[in-house]
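Computed from heavy atoms alone, side chains included, the values below leave out hydrogens, waters and symmetry copies.
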Amino acid sequence: MWIIGWAAVGVASPWVEGPGEVRLGLSGTSLVSERQFAGGEALGLLGPRCPEPVVPGQRMPYSCVTGGTYTQRGVLLSGTVGLGRGVAVDVGVPVVVASFDDDVGRTGAGGVGDVRAGL
């Protein structure tokens with residue numbers, strides 16, 4: 001309880017940059033998946049594409065013919081600038097590129113995600 005009252009009177013926490021200080025950050029993610037969970041509409045799915053019955057909730061390949069792969073790569077660019085005692089501006093910009101490869105072909109998309117800003 002004392003810490004909440006301490007922060008409420010404007011004393012900076014150790015994680016806030018001081019006046020004129022700048023912190024830049026770069027982080028990344030990588031995800032590769034070759035299986036998915038079958039949805040409820042997959043019940044009894046049979047045929048040349050899926051020779052075995054597929055049950056909802058079961059792990060199955062994206063394509064029963066080629067297997068398929070989902071790949072996602074991302075980078076988060078972030079920065080913080082201290083404006084005054086206990087005051088800083090914080091911005092984060094994620095950039096994501098994803099691709100999906102199955103028996104139909106390869107598709108992909110990329111772009112900027114949800115930009116985060118704080119004071």
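- For Leu76, the side chain to side chain contact (heavy atoms under 4.5 Å, CB included) test picks out Ser27, Pro94, with sequence neighbours left out.
- By the side chain to side chain contact (heavy atoms under 4.5 Å, CB included) test, Leu31 pairs with Tyr70, Gln72, sequence neighbours left out.
- Connectivity analysis of hydrophobic side chains (ILVMFWY, heavy atoms under 4.5 Å, direct or indirect) links Val75 to Leu26, Leu77.
- Residues passing the side chain to side chain contact (heavy atoms under 4.5 Å, CB included) test with Val97: none are found, sequence neighbours excluded.
- For the ring pair (Phe, Tyr, Trp, His ring centres under 6.0 Å) condition, no pair includes a residue of residues 72-92, sequence neighbours left out.
- For Thr71, there are no side chain to side chain donor-acceptor pair (under 3.5 Å) partners at least two apart in sequence or on another chain.
- Residues Leu83 and Val89 form a side-chain contact, since some pair of their non-hydrogen atoms from C-beta on lies under 4.5 Å apart.
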Stepwise side-chain contact (heavy atoms from CB on, under 4.5 Å) test for Val87 and Leu119: CA-CA 7 Å; Val87 179; Leu119 176 67; 3.9 Å; yes
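- The list of side-chain hydrogen bond (donor to acceptor under 3.5 Å, both in side chains) pairs with a residue in residues 109-119, not counting sequence neighbours, reads Asp90-Arg116.
- Residues meeting the side chain to side chain donor-acceptor pair (under 3.5 Å) test with Thr29, sequence neighbours left out: none.
- Under the side chain to side chain donor-acceptor pair (under 3.5 Å) criterion, Ser30 pairs with Arg73, not counting sequence neighbours.
- Other residues sharing a hydrophobic cluster with Val96 under the 4.5 Å side-chain heavy-atom criterion for ILVMFWY residues do not exist; the residue is a singleton.
- Annotation: ring pair (Phe, Tyr, Trp, His ring centres under 6.0 Å) contacts involving residues 71-91, sequence neighbours excluded, are absent.
- Pairs of residues two or more places apart, or lying in two chains, that qualify as ring pair (Phe, Tyr, Trp, His ring centres under 6.0 Å) and include a residue from residues 84-119 are Tyr62-Phe100.
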